[in-house]
Amino acid sequence: MKKIKLGNSELEVGEISLGCMRMNELSKKDAAEVIENALDCGVDLFDHADIYGGGESEEVFADAINMNDDVREKMKLQTKCGIRKGFFDFSKEHILKSVEGSLRRLKTDYVDSLLLHRPDALMEPEEVAEAFTELKESGKVRYFGVSNQNPMQMQLLSKYLKDDLIVNQLQLSLVHTPMIDAGFNVNMQNDPAIVRDSNVIEYCRLNDISIQAWSPFQHGMIEGPFIGNDAFPEVNAKLQELAEKIGVTDSAIATAWILRHPANIQPVVGTMNKGRLQDIAKASHIELSRQEWYELYRAAGNDLP
């Protein structure tokens with residue numbers, strides 16, 4: 001699999017990562033096979049969060065591979081914090097407590113990256129900066145990022161941080177493209193012209209912040225997959241056409257569509273199916289033409305001006 005660097009860090013990872021939200025649903029044996037299969041595919045960044053499975057996903061992950069120094073060196077671990085039951089919390093106390101819990105569950109001394117999970121309207125950036133500094137100096141976190149934040153939120157936080165943010169994790173799939181749509185419809189009076197994220201994709205590119213695409217096969221927020229869904233006949237027909245032409249699956253084409261964007265976006269795929277991940281990983285070697293990329297975008301229901 002092709003490698004990318006996250007932001008301006010020294011973290012070199014496979015350009016597709018594995019989201020571990022549903023790992024708590026697996027047995028230890030099955031989880032071990034999923035993780036080993038991912039590494040065999042070149043997928044070496046594993047995305048966690050303190051809330052996934054109520055913390056159990058991190059525990060299952062570490063237990064499955066009998067976490068030790070040799071295993072740890074083969075992978076990059078990322079976790080997220082800030083979502084609590086009914087509210088968001090970027091307080092220094094909660095950030096530090098959350099990281100300690102993740103390290104304990106993951107059975108490791110450090111994580112490679114820590115992301116703030118969803119924007120906290122009550123964030124005190126100075127307090128976040130204090131937590132990040134303490135975690136960095138103690139060696140518990142190497143790099144930091146955010147998730148679901150717009151440019152001004154990142155800029156406000158960055159004003160107080162000692163280190164650059166390296167990641168912003170955002171929802172993106174072939175049928176969820178608001179961060180792309182507005183760029184096609186500048187100065188127009190149609191719905192796609194509405195800038196919903198303050199031009200986050202351009203901001204991240206300008207500031208060397210890697211975008212990680214969550215739910216790359218989903219429509220809506222939790223409605224389910226669009227691939228193979230009869231509600232999306234045109235895009236599925238185009239995916240199938242290209243899949244047959246290239247000799248891969250439709251999921252690989254949908255992933256390749258994200259990878260084709262010059263922002264070096266890293267899809268975070270959540271499948272716990274070994275065969276499906278193997279199929280998706282083939283996207284790393286697919287180079288869609290500019291015309292094919294636009295054909296898929298239009299098949300997803302988007303009009304070009």
Side-chain angles (χ1 to χ4, degrees), residues 17-26 31 46-62 77-106 108 111 113-135 140-141 143-161 165 167-173 176 178-179 194 196-198 200 209 211-225 268-270 272:
S17 61
L18 185 68
C20 299
M21 183 172 70
R22 293 191 291 271
M23 190 156 283
N24 65 304
E25 300 171 4
L26 303 182
F46 297 89
D47 177 71
H48 294 272
D50 57 355
I51 63 165
Y52 289 168
E56 290 182 5
S57 290
E58 292 178 327
E59 291 179 345
V60 170
F61 181 92
L77 296 181
Q78 174 173 281
T79 195
K80 301 182 288 294
C81 70
I83 297 180
R84 302 184 67 177
K85 191 173 182 179
F87 65 105
F88 304 136
D89 189 351
F90 287 179
S91 66
K92 178 180 179 181
E93 178 184 11
H94 179 68
I95 293 171
L96 296 178
K97 182 178 179 180
S98 175
V99 171
E100 290 295 341
S102 288
L103 293 178
R104 183 178 64 254
R105 291 187 292 271
L106 289 167
T108 185
V111 292
S113 49
L114 172 71
L115 311 187
L116 299 177
H117 209 158
R118 277 201 176 271
D120 175 12
L122 304 182
M123 177 186 76
E124 298 284 355
E126 302 94 332
E127 195 172 344
V128 174
E130 288 178 9
F132 282 9
T133 297
E134 189 169 321
L135 291 168
K140 295 176 181 178
V141 179
Y143 298 99
F144 301 92
V146 296
S147 183
N148 309 297
Q149 291 202 14
N150 67 35
M152 287 300 99
Q153 290 167 328
M154 287 184 281
Q155 194 163 327
L156 172 62
L157 180 57
S158 295
K159 176 181 177 181
Y160 298 92
L161 298 179
L165 297 170
V167 163
N168 188 9
Q169 198 170 100
L170 298 157
Q171 185 178 9
L172 175 67
S173 75
H176 182 90
M179 73 172 76
I194 299 172
R196 305 177 189 277
D197 53 28
S198 303
V200 68
I209 297 171
I211 293 175
Q212 292 177 334
W214 59 269
S215 289
F217 310 119
Q218 302 288 313
H219 69 97
M221 186 171 178
I222 57 173
E223 283 78 353
V268 181
V269 301
M272 295 289 104

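- For E130, the side-chain contact (heavy atoms from CB on, under 4.5 Å) criterion is met by K92, not counting sequence neighbours.
- Nearest heavy-atom pair, M23 versus V60, reported as atom, atom and distance to 0.1 Å: O-CG1, 3.5 Å.
- Annotation: side chain to side chain donor-acceptor pair (under 3.5 Å) contacts involving residues 148-161, sequence neighbours excluded, comprise N148-W214.
- When all heavy atoms of S173 and P216 are compared, the closest pair comes out as CB-O, 3.2 Å.
- Residues V268 and S17 come closest through the heavy atom pair CG2-OG, 3.3 Å.
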Inset, instruction - Assess whether side-chain contact (heavy atoms from CB on, under 4.5 Å) is satisfied between L96 and E134, documenting all intermediate values. - result: CA-CA 9 Å; L96 296 178; E134 189 169 321; 3.6 Å; yes
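- With sequence neighbours left out, E100 forms a salt bridge (charged side-chain N to carboxylate O under 4.0 Å, His left out) with K140.
- Of all heavy-atom pairs spanning L161 and A129, the tightest one is CD2-CA, 3.7 Å.
- Every side-chain contact (heavy atoms from CB on, under 4.5 Å) that H219 has, sequence neighbours left out, goes to V175, E223, F226, N229, F232.
- Expressed to the nearest 0.5 Å, how far CE of M179 lies from OG of S198 amounts to 12.5 Å.
- To the nearest 0.5 Å, atoms CD (Q212) and CG (L170) are separated by 9.5 Å.
- Considering CD of E124 and CG of L157, their distance stands at 12.0 Å, rounded to 0.5 Å.
- Take S147 and apply the side chain to side chain donor-acceptor pair (under 3.5 Å) test, not counting sequence neighbours, and it matches no residue.
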With a 3.5 Å cut-off and sequence neighbours excluded, list the donor-acceptor pairs that the side chains of residues 48-55 form with protein atoms.
{"unit_1": "D50", "atom_1": "OD2", "unit_2": "S98", "atom_2": "OG", "d": "2.7"}
{"unit_1": "Y52", "atom_1": "OH", "unit_2": "K80", "atom_2": "NZ", "d": "3.2"}

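- A heavy-atom distance below 4.5 Å is not found between the side chains of L172 and I211.
- For E58, the side chain to side chain donor-acceptor pair (under 3.5 Å) partners are T79, S102, R105, not counting sequence neighbours.
- The closest side-chain heavy-atom distance from I83 to F88 is below 4.5 Å.
- In terms of the side-chain contact (heavy atoms from CB on, under 4.5 Å) criterion, residue partners of S215 (sequence neighbours excluded) are, by chain and number, Q171, Q218.
- Qualifying ring-ring contact (aromatic ring centres under 6.0 Å, His included) partners for Y143, counting only residues two or more places apart in sequence or in other chains: none.
- By the side-chain contact (heavy atoms from CB on, under 4.5 Å) test, S91 pairs with D89, E93, H94, E127, sequence neighbours left out.
- In this structure, CZ in F61 is found 7.0 Å from CG in L106, a value given to the nearest 0.5 Å.
- Minimum interatomic distance between P151 and D197 (heavy atoms only, all atoms of both residues): CD-O, 3.1 Å.
- Every residue two or more places apart in sequence or in another chain was checked for a salt bridge (charged side-chain N to carboxylate O under 4.0 Å, His left out) with R104, and none qualifies.
- Remark: side-chain polar atoms of R22 are paired, donor with acceptor, to backbone N or O of G270 under 3.5 angstrom.
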Sequence neighbours left out, cut at 3.5 Å: what donor-acceptor pairs do the side chains of residues 113-123 make with other protein atoms?
{"unit_1": "S113", "atom_1": "OG", "unit_2": "Q78", "atom_2": "OE1", "d": "2.9"}
{"unit_1": "D120", "atom_1": "OD1", "unit_2": "L122", "atom_2": "N", "d": "3.0"}
{"unit_1": "D120", "atom_1": "OD2", "unit_2": "F90", "atom_2": "N", "d": "2.9"}

